[in-house]
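Inspection log for the structure reproduced underneath, given as structure tokens.
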Amino acid sequence: MFRRKLQALDYHNPAGFNCRDETEFRNFIVWLEDQKIRHYKIEERGNLRNIHSSEWPTQYEKYLSDVNCPFIVQDRQESIDWLLGLAVRLEYGDNAAKYQNAKPLNTEVAKSTEPLINLDVANPDFKAGVLALANLLQIQRHDDYLVMLKAIRILVQERLTPEAVAKSNSSKEGLPVALDKHILGFDTGDAVLNDAARILRLLHIEELRELQTKINEAIVAVQAIIADPKTDHRLGKVGR
């Protein structure tokens with residue numbers, strides 16, 4: 001969620017930044033203050049730079065207050081996003097002439113890798129189209145139409161691409177099964193009925209495996225959606 005702002009600030013690892021790693025997070029805050037925000041004088045940054053100190057969280061809390069950040073220490077993602085926004089504004093102010101004539105780089109790549117970024121989610125036609133697709137594909141409705149569209153995209157990519165359709169239509173030739181090697185657990189007193197019971201049990205096991213596969217696909221789809229939360233500064237929280 002921070003990649004674009006980190007790229008704009010020339011951070012050394014914008015794609016791999018992990019704010020949950022405490023050491024990386026503290027080093028990042030020091031870098032942001034030293035290189036971009038520069039709210040403190042150089043001689044005043046000692047406590048913030050001492051990332052191994054037990055007092056560092058207190059110093060970070062003071063820093064957020066000093067730069068008038070509206071979020072608290074516990075709101076880590078929100079405060080990082082706010083600090084990055086401040087840093088970008090300051091960076092632009094310091095280099096306004098440089099950026100006024102700058103041309104966007106890799107525009108075509110950005111369009112292809114982020115196809116949902118420029119959609120007008122408030123457009124009635126967009127909402128109607130997403131609802132129609134969701135109903136057609138039997139996807140659960142959601143208050144956020146962009147979330148529904150992402151779920152539709154995931155389903156289409158995983159189940160409706162030419163490769164996926166070809167795979168699902170490919171005939172599967174079964175392997176011979178020795179029924180007598182499968183323990184039934186009970187005896188009906190009739191050999192034919194025993195074999196029929198074994199067949200039903202094997203078919204049930206196959207259905208359970210298919211159900212588990214579908215459950216795993218659903219979990220992956222949900223994780224793909226919730227792994228990209230949106231930040232709403234007005235609410236002071238991350239979420240949908």
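Numbers for residues simply follow the sequence, beginning at 1. These figures come from a predicted structure and were not determined experimentally.
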task = List the steps and the verdict of side chain to side chain contact (heavy atoms under 4.5 Å, CB included) for Q212 and R209.
result = CA-CA 5 Å; Q212 184 62 55; R209 288 175 176 170; 5.7 Å; no

Reported [atom1]-to-[atom2] distance for the pair [X] and [Y], which is rounded to 0.5 angstrom:
| X | Y | atom1 | atom2 | result |
| --- | --- | --- | --- | --- |
| L83 | E78 | CG | CD | 11.5 Å |
| I152 | M148 | CD1 | CE | 7.0 Å |
| N135 | L131 | CG | CG | 6.0 Å |
| Q7 | N13 | CD | CG | 10.5 Å |
| L133 | L149 | CG | CG | 8.0 Å |

Give a yes or no answer on whether the side chain of [X] reaches the backbone of [Y] with a donor-acceptor pair at less than 3.5 Å.
| X | Y | value |
| --- | --- | --- |
| D81 | Q77 | no |
| R76 | V73 | no |
| N27 | T23 | yes |

Partner set under side-chain contact (heavy atoms from CB on, under 4.5 Å) for [X], not counting sequence neighbours:
| X | result |
| --- | --- |
| L9 | W31, L32, K36, L84, A87, V88, E91 |
| L208 | H204 |
| I42 | R45, R49 |
| E24 | Y11, F17, N18, D21 |

inquiry  = I'd like to check the side chain to side chain donor-acceptor pair (under 3.5 Å) partners of E43; sequence neighbours left out, ordered by chain and number.
reply    =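 In terms of side chain to side chain donor-acceptor pair (under 3.5 Å), with neighbours along the sequence ignored, E43 is linked to no residue.
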
inquiry  = Could you work out, with salt bridge (Lys or Arg N to Asp or Glu O under 4.0 Å) as the rule, every residue matching R26, not counting sequence neighbours?
reply    =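 Scan of R26 (salt bridge (Lys or Arg N to Asp or Glu O under 4.0 Å), adjacent residues dropped) gives E22.
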
For residues 55-62, tabulate all N or O donor-acceptor pairs below 3.5 Å that involve a side-chain atom, not counting sequence neighbours.
residue, atom, partner, partner atom, Å
W56, NE1, L48, O, 2.7
Y60, OH, S79, OG, 3.1
K62, NZ, D66, OD2, 2.8

message = With side chain to side chain contact (heavy atoms under 4.5 Å, CB included) as the criterion, how do E33 and Y40 come out once you've worked through the C-alpha distance, each side chain's angles and the decisive distance to 0.1 Å?
response = CA-CA 8 Å; E33 167 60 18; Y40 292 154; 3.5 Å; yes

task = Using a 4.5 Å cut-off on heavy atoms from C-beta on, say whether the side chain of N47 contacts that of Y63.
result =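 The answer is no; the side chains never approach within 4.5 Å.
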
request  = Show your working on side chain to side chain contact (heavy atoms under 4.5 Å, CB included) between C19 and F2 and close with a plain yes or no.
outcome  = CA-CA 10 Å; C19 69; F2 309 121; 4.2 Å; yes

message = If I compare all heavy atoms of I72 with all of L64, which pair ends up nearest, and what's the gap?
response =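 Heavy atoms of I72 and L64 come nearest at C-CD1, 4.0 Å.
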
